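Here is the structure we will look at.
What you are looking at is a predicted structure, and each value in this text was computed from that prediction instead of being measured.
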Amino acid sequence: MRKGIVTVAFAALSNVLFAQEMADGMRSEGKIYVVVGVVVLIFMVLFAYLVWMDMRLKKLEKEKKG
């Protein structure tokens, strides 16, 4: 049991260190801004879709009442 916990802890630590190295590399090459831009774009599209769905649901609720 203890050996498994230590193995999982080391695996998680190595993943964190790899992610940090990858982020440093992307930042030095200027690619981090592309990644941030894509993430922001995805969130903006998701937010717009949710607002659009909310408006449609309100319209349907209004039609059902009246």
Side-chain angles (χ1 to χ4, degrees):
M1 177 78 173
R2 188 173 180 181
K3 189 176 184 181
I5 293 172
V6 171
T7 303
V8 170
F10 278 127
L13 181 62
S14 68
N15 285 340
V16 168
L17 293 175
F18 176 72
Q20 183 65 37
E21 289 177 16
M22 186 171 33
D24 289 340
M26 293 181 92
R27 194 176 302 117
S28 69
E29 296 175 5
K31 293 181 182 177
I32 194 73
Y33 301 111
V34 174
V35 173
V36 170
V38 169
V39 170
V40 168
L41 180 66
I42 290 171
F43 277 115
M44 287 173 53
V45 168
L46 182 63
F47 181 75
Y49 177 73
L50 291 174
V51 169
W52 177 71
M53 285 298 289
D54 185 53
M55 291 187 321
R56 287 188 63 195
L57 284 172
K58 285 181 182 178
K59 182 180 175 186
L60 285 173
E61 289 172 350
K62 193 175 187 181
E63 286 177 2
K64 188 173 181 178
K65 277 188 175 180

Taken in chain and number order and not counting sequence neighbours, the residues that satisfy salt bridge (charged side-chain N to carboxylate O under 4.0 Å, His left out) with K58 are D54
Spell out, yes or no, whether V36 and M44 are grouped together once hydrophobic residues are joined by side-chain heavy atoms under 4.5 Å, including indirect joins. yes
Rounded to the nearest 0.5 Å, how far does CG of L46 lie from CG of L41? 11.0 Å
Checking E63 now: which residues fulfil side-chain contact (heavy atoms from CB on, under 4.5 Å) with it, not counting sequence neighbours? K59, L60
Taking only residues two or more places apart in sequence, or in another chain, which ones meet Y49 in a side-chain contact (heavy atoms from CB on, under 4.5 Å)? W52, M53
